[in-house]
There are 2 protein chains.
Amino acid sequence: MNQDYIKPNEWSVLEEGFDAQRVKSSESLFSIGNGAMGQRANFEEQYTGSTFQGSYIAGVYYPDKTRVGWWKNGYPEYFAKVLNAPNWIGINVLINEEVLDLHTCKEVSEFKRELNMKEGWLSRSFKAVLQNGIKIKVDTKRFLSLELDEIGAINYNVTPLNSDAEITYIPYIDAEITNEDSNWDDQFWDILEVIQNNQQSFIKARTMKTHFYTCTFMESRLFINDKEIVTSVKNKQSPKTISSIHKQEVQKNKTFTIHKFGGYVVDRNHAKDELVAAAKLILDKAVNFGFNALLEIQKKSWAQIWNMSDITIEGDVKAQQGIRFNIFQLNQTYLGTDASLNIGPKGFTGEKYGGSTYWDTEAYCIPFYMATKDQSVARTLLVYRYNHLDKAIENAEKLGFKNGAALFPMVTMNGEECHNEWEITFEEIHRNGAIAFAIFNYNRFTNDYAYIPEKGLEVLIGIARFWQQRATFSSDKNKFMILGVTGPNEYENNINNNWYTNYIAKWCIEYALENIAIVKTDYTADYKRIKEKVNFSEDELKDWKKVADKMYFPFSEKHRVFLQQDGFLDKELITAANLDTSQRPINQKWSWDRILRSPYIKQADTLQGFYMFEDHFSIEELERHFNFYEPFTVHESSLSPCVHSIQAAKLNRMEQAYEFYLRTSRIDLDDYNHEVEEGLHTTSMAGTWMSIVEGFGGMRVLNNTLSFSPKIPKQWKSYSFKVNFRNQVVTVNVNHNEAHFKLDGAPKITILINGKFTDIFQHKLATV
Amino acid sequence: MNQDYIKPNEWSVLEEGFDAQRVKSSESLFSIGNGAMGQRANFEEQYTGSTFQGSYIAGVYYPDKTRVGWWKNGYPEYFAKVLNAPNWIGINVLINEEVLDLHTCKEVSEFKRELNMKEGWLSRSFKAVLQNGIKIKVDTKRFLSLELDEIGAINYNVTPLNSDAEITYIPYIDAEITNEDSNWDDQFWDILEVIQNNQQSFIKARTMKTHFYTCTFMESRLFINDKEIVTSVKNKQSPKTISSIHKQEVQKNKTFTIHKFGGYVVDRNHAKDELVAAAKLILDKAVNFGFNALLEIQKKSWAQIWNMSDITIEGDVKAQQGIRFNIFQLNQTYLGTDASLNIGPKGFTGEKYGGSTYWDTEAYCIPFYMATKDQSVARTLLVYRYNHLDKAIENAEKLGFKNGAALFPMVTMNGEECHNEWEITFEEIHRNGAIAFAIFNYNRFTNDYAYIPEKGLEVLIGIARFWQQRATFSSDKNKFMILGVTGPNEYENNINNNWYTNYIAKWCIEYALENIAIVKTDYTADYKRIKEKVNFSEDELKDWKKVADKMYFPFSEKHRVFLQQDGFLDKELITAANLDTSQRPINQKWSWDRILRSPYIKQADTLQGFYMFEDHFSIEELERHFNFYEPFTVHESSLSPCVHSIQAAKLNRMEQAYEFYLRTSRIDLDDYNHEVEEGLHTTSMAGTWMSIVEGFGGMRVLNNTLSFSPKIPKQWKSYSFKVNFRNQVVTVNVNHNEAHFKLDGAPKITILINGKFTDIFQHKLATV
């Protein structure tokens with residue numbers, strides 16, 4: 001039973017009716033963010049029911065002491081986690097001295113929540129009868145500004161409906177916050193200064209250990225029926241909180257309004273000792289604009305984003321809502337302006353996975369950002385890893401590798417590994433492959449080869465060295481093997497010769513060799529610099545080649561498929577369809593050993609390789625592998641359905657492709673895995689985008705040419721999307737009869753449509 | 001560099017000279033115990049240097065909240081650990097009001113420590129000059145009574161050497177104690193009562209959560225030059241401590257003595273509300289005997305133990321000291337009188353491994369106790385597991401097994417699993433095999449078949465059910481496989497078809513079937529009772545048989561050896577001799593993935609099977625497997641060398657056998673692994689005994705006949721040991737020319753000597 005309380009709507013996420021059981025789910029689903037910060041949709045006013053408070057600042061993390069039962073050599077000392085930051089959205093509301101709290105009200109009615117994705121704001125309205133009998137109407141709206149990304153604004157309105165009332169607003173900043181997932185109940189923040197100046201309040205705080213300096217701030221304005229008033233204000237301070245008390249007699253049916261402006265400034269953007277001054281400047285600016293003008297700016301900012309990244313779907317409101325929700329959340333999380341930031345699997349919507357960077361970024365997110373933003377954004381994501389290369393080399397050294405071999409971390413904030421399960425940390429090494437592949441993918445899409453001599457090649461060399469050293473020569477089979485790994489399917493651990501890992505390892509070495517040769521010929525100065533820096537010899541390259549040439553790939557003659565790993569055929573091969581539903585998800589029902597010896601696959605593994613290296617295999621091979629592996633796949637990772645959707649579409653299995661699409665696009669809205677209250681599956685949202693653009697639209701880049709082979713699920717009337725290919729924007733619109741192509745940004749582009757070269761001219765609709 | 005500060009001596013462990021760096025090591029090595037309690041050799045007087053305080057009560061444990069990084073379904077909620085119990089040995093000593101403390105004295109000389117294994121006591125003597133210039137001589141002796149196993153006694157003497165002095169003894173009980181290894185710094189004890197009655201003191205305390213009730217107690221007597229005196233006593237109490245202050249002017253060269261009696265009574269032996277009364281009784285009894293008479297009783301008790309279990313070695317003092325140390329520690333740890341107790345890997349000498357029961361008991365300890373004690377002791381160890389059968393079934397259910405399948409825990413105090421690494425907890429399932437094997441082994445040695453219908457068969461059935469359900473049918477190979485296990489070699493995890501596991505699984509099923517048939521025929525009442533209770537059908541037994549008959553065993557045609565696991569030959573097969581010493585022990589130097597993909601074996605794995613099922617294989621097969629596997633074995637488990645020693649002896653490789661013997665017998669005295677300060681390797685000590693009796697002596701039971709094939713290392717002149725075989729005690733004495741056999745307890749026994757039937761008559765030495 002999945003939830004279905006979210007109302008279908010093309011542009012908004014809507015909730016109607018108040019249900020205390022849904023509060024934590026909705027706090028995730030209605031989250032807002034602007035790339036620099038983000039917050040769960042916690043209520044502004046006090047709420048004593050079950051809630052998960054969270055407000056996060058991009059790049060501000062804490063190295064929580066690692067918790068582990070049984071220590072193993074090489075484990076990191078800490079686990080970085082995104083920090084719950086001081087709360088600036090809070091406004092306590094008193095009605096005739098009674099605290100407004102939806103958990104304790106006599107009655108709540110007409111509760112509505114809207115996350116307006118088109119314009120980038122969150123609103124809430126309800127009527128409530130308090131214990132003292134006063135009935136009020138409340139309307140709120142809030143957003144985090146994209147344009148001024150250090151500030152957010154709240155418009156909070158109370159209208160007494162059945163009598164006059166004394167209404168008190170107490171906007172506050174609270175730095176007395178903790179993380180839900182703290183390992184040892186440590187304190188994470190040192191409070192440095194608590195300041196009140198005129199109407200402005202500031203709390204300067206520093207994270208412990210990591211010493212990120214931040215200033216959280218607020219300022220408010222009051223209105224009666226939209227007319228600004230001055231109330232009697234009383235300021236209050238404690239060592240970690242600050243508040244202002246605005247008391248006002250309000251007549252029945254008149255509306256008392258507070259506009260609260262607040263947010264964070266951080267030392268990533270300002271000098272440590274100028275944070276309060278910076279906060280003051282941004283507050284002055286915001287208050288000067290006022291709530292309504294800021295909101296207008298916000299609408300424009302989002303219109304720009306949608307202009308490039310929107311996908312429309314006609315004839316299927318739920319699908320439309322789903323894809324927009326995904327695109328919206330990705331844009332709330334990461335905007336690609338800062339190479340020290342990345343995309344956490346839950347964005348700013350929860351604490352799980354610590355807000356850290358996983359291989360999700362390279363495998364799933366980069367295609368989305370490449371096609372819907374300026375290509376500098378994808379480059380910035382590559383530079384993030386380049387900047388961590390030294391730490392990846394250190395990390396590999398801890399595991400016994402040498403000579404500049406690099407193992408990028410499975411989970412990281414600053415380049416250091418911060419996960420500690422040996423089967424993941426030490427063995428899920430295929431992540432190194434995705435990081436190399438992203439360089440290839442970026443170059444394929446953008447043709448920005450300059451990145452490779454400039455930065456990428458060093459990363460490719462470190463990774464190739466790792467694979468060469470990690471391979472084991474089996475004299476028994478006269479082949480190089482990769483023993484003891486965890487593949488993308490994390491439901492197998494410490495397996496030998498995971499086909500995906502072996503395949504990408506071989507590819508990484510070959511790709512590095514190929515690019516060393518190109519750089520040697522075409523970028524001699526870079527070649528000299530790199531050769532001196534990383535110090536490789538021709539002999540070393542021969543050793544790499546030996547490993548690539550003699551790499552072992554497990555293959556079943558009987559099934560004519562590559563085996564996911566050496567022992568796969570020894571498993572009891574009962575398909576997932578035969579699994580009783582009471583046993584699913586297996587990862588919540590079964591002990592780990594049982595999962596490991598089962599044939600069940602968490603997410604695309606061999607098929608992930610077929611996705612990434614599609615052109616290495618025939619369609620018959622794809623079909624055979626899809627037929628063999630998909631039936632064992634339980635899709636218990638949010639990253640699974642999208643790859644399968646794309647492949648099903650390629651195999652012309654549109655019903656199946658559509659089914660997978662639905663699972664990926666509404667995984668959070670429909671809460672498939674009963675965990676949305678922990679936060680959203682942000683990185684997998686990029687997979688949803690891929691399902692449409694690469695799956696249904698069939699977008700590829702083939703020999704420097706953009707290519708499409710559009711299909712459409714029978715449930716839809718039409719759909720459209722845009723792709724920014726090398727600064728040429730191609731709009732694709734597909735219905736059941738035809739596909740239209742439109743070009744912006746260049747006079748002409750030659751693309752492949754269903755395998756045929758076709759010229760598209762600017763401002764001229766091409767129909768196929 | 002191993003330590004060599006322990007002086008060689010045939011009957012004692014000796015230390016000479018005070019070295020603060022050695023204190024924690026010596027606290028382990030000089031530990032004393034009596035089966036009911038045990039304690040590290042902490043000083044009685046204050047010591048502010050580095051020390052690891054520990055006093056433990058058999059069967060009193062605490063379920064510390066599990067610490068784990070990443071939770072997996074089926075993990076136990078807690079990790080049981082042996083509890084550091086209230087300290088009753090403490091005696092603060094003041095010399096002219098200055099606290100005696102070896103860490104702060106001006107000078108310490110003539111420091112000597114002796115653990116007299118023959119008589120079962122620990123003594124210490126030294127001279128010290130205090131900061132106040134007073135020079136004193138101190139002599140102490142202490143033991144834990146075997147006869148009255150709730151009490152210990154201390155004889156503490158101070159003689160001022162250079163002037164008269166006021167000497168104060170402050171004997172105390174301190175219940176303000178913690179565990180070094182506490183996971184969350186929780187408190188483990190609730191103090192219930194603190195009582196002083198006349199000269200007796202009591203602290204009644206209860207462990208938190210487990211609610212074990214204990215009373216710790218003490219009483220003292222004072223003497224000048226052996227003449228009892230009455231001093232002025234002042235009693236003192238705090239909420240968790242109790243002490244008596246005895247102040248005395250002592251003339252130069254006169255000796256002021258305190259005899260302190262103390263110990264624990266527990267609710268395992270007494271009613272909860274009678275603990276103080278029980279403590280009073282035992283104190284009265286002990287004080288009535290007095291220190292010297294109690295010591296005489298102690299000597300007699302130990303003489304009895306040695307009479308049966310001593311092994312003499314002529315011509316090699318270190319080997320003699322080593323084997324006696326092992327036999328002594330085993331007897332200090334477990335005496336086999338209570339089926340709720342078992343043998344922790346560190347006995348009462350440290351906190352590591354939580355004092356819990358491992359498969360060590362069945363695989364290593366049972367043979368020692370069977371041959372050196374009344375056979376009821378081994379039976380009691382079997383009953384321990386029988387009593388845990390229901391919990392083993394519950395444990396298996398948590399992992400998805402059904403119908404009474406039993407998986408005994410890897411680590412336990414009360415039958416519940418309390419370890420939480422999936423690769424151990426869920427996958428090191430061969431432990432189930434050792435528990436079944438122990439039943440076979442017990443019956444083979446004692447011929448007490450009655451145990452099987454009475455209790456053993458139910459255990460065998462639960463275990464057979466487990467193996468049948470745990471096996472996976474591979475249609476690819478048309479065989480049953482056991483996937484995803486950890487074998488005895490814990491340096492491989494989640495492997496498929498560990499030969500040892502598959503072999504013992506098949507054997508368990510066949511042994512269960514064999515015994516069901518016997519019980520059905522010969523014990524019809526038991527059969528009926530068991531059949532009703534566990535409810536098996538002929539069809540079920542057929543399913544078991546199918547698995548046993550079609551069990552898969554990985555085999556290399558090339559090497560003509562069974563493979564440790566499916567993937568063993570794919571490893572880079574470089575022997576341990578080629579490992580740089582800087583890389584060892586690998587378990588302290590390498591990350592876990594590197595260990596896992598290496599060929600290095602922690603302890604006998606395939607060879608463990610060859611040890612247990614010796615008669616299933618030819619000597620040529622043994623030789624081939626030994627030659628293949630031993631070179632990859634790093635022996636980083638204390639349980640490894642003994643099995644290899646026995647097999648080397650069987651293969652007539654006496655030099656190698658002797659080398660392995662030395663490693664096992666002095667692993668703690670010489671501190672091979674640099675960790676003796678954490679406690680002793682108690683369970684592996686039984687392996688040392690096996691190395692001599694089964695290895696050099698070649699003891700076996702073949703078709704109900706005791707058999708020997710004596711050999712002797714060239715480093716020894718002769719050695720002797722005794723075996724209690726079915727209440728007939730055979731003494732074996734071996735030198736380089738001949739072997740002598742002597743019989744007690746029966747008029748005649750027919751044994752096999754070097755394969756020849758030989759009659760041995762009581763009181764008549766037989767020489768071969």
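In the text below, chain A, chain B and the rest are named by the order of the sequence lines, each starting its count at 1.
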CE/M481(B) to CZ/R597(A) distance, rounded to the nearest 0.5 angstrom? 14.5 Å

Can you check whether N587(A)'s main-chain N or O pairs, donor with acceptor, with N73(B)'s side chain at less than 3.5 Å? yes

Which residue out of S556(A), S475(A), G567(A), S474(A) racks up the most heavy-atom pairs below 4.5 Å with chain B? S474(A)

Interface residue of largest heavy-atom contact number with chain B, from I424(A), T472(A), L573(A), under 4.5 Å: T472(A)

With a cut-off of 6.0 Å (strictly less than), are more than 12 heavy atoms of other residues, nucleotides or ligands near NZ of K546(B)? no

Taking all non-hydrogen atoms of both residues, which atom of K571(B) and which atom of L483(A) are closest, and how far apart? CA-CD1, 3.9 Å

Verify whether the ring centers belonging to W590(A) and W422(B) lie closer than 6.0 Å. no

Minimum heavy-atom distance R594(B)-G400(A), with the two atoms named: NH1-CA, 3.6 Å

Proximal component of L399(B), with respect to chain A [non-hydrogen, under 4.5 Å]: both

Can you say whether E423(A) sits under 4.5 Å from chain B via the side chain, the backbone, both, or neither, judging by heavy atoms? side chain

Given heavy-atom pairs under 4.5 angstrom as the criterion, report whether the side chain, backbone, both or neither of F401(B) touches chain A. side chain

Are D566(A) and N496(B) packed together at the side-chain level, in the sense that at least one heavy-atom pair is separated by less than 4.5 angstrom? no

Heavy-atom distances under 4.5 Å only: say whether K479(B) touches chain A with side chain, backbone, both or neither. neither

What closest approach, in Å, do K477(B) and D570(A) show between heavy atoms, and which atom pair accounts for it? NZ-OD1, 2.9 Å

Between D476(B) and L569(A) (side chain of the first, backbone of the second, donor and acceptor by atom type, cut-off under 3.5 Å), is there such a pair? no

Given heavy-atom pairs under 4.5 angstrom as the criterion, report whether the side chain, backbone, both or neither of E427(A) touches chain B. side chain

In Å and rounded to the nearest 0.5 Å, what is the CD1 to CZ distance from I595(B) to F426(A)? 9.5 Å

For N494(A), is there any backbone N or O sitting under 3.5 Å from a side-chain donor or acceptor partner on N494(B)? no

For residues E572(A) and F473(B), report the shortest heavy-atom separation together with the two atoms involved. OE2-N, 4.0 Å

So which of H419(B), Q583(B), K558(B) has the biggest tally of heavy-atom pairs under 4.5 Å with chain A? H419(B)

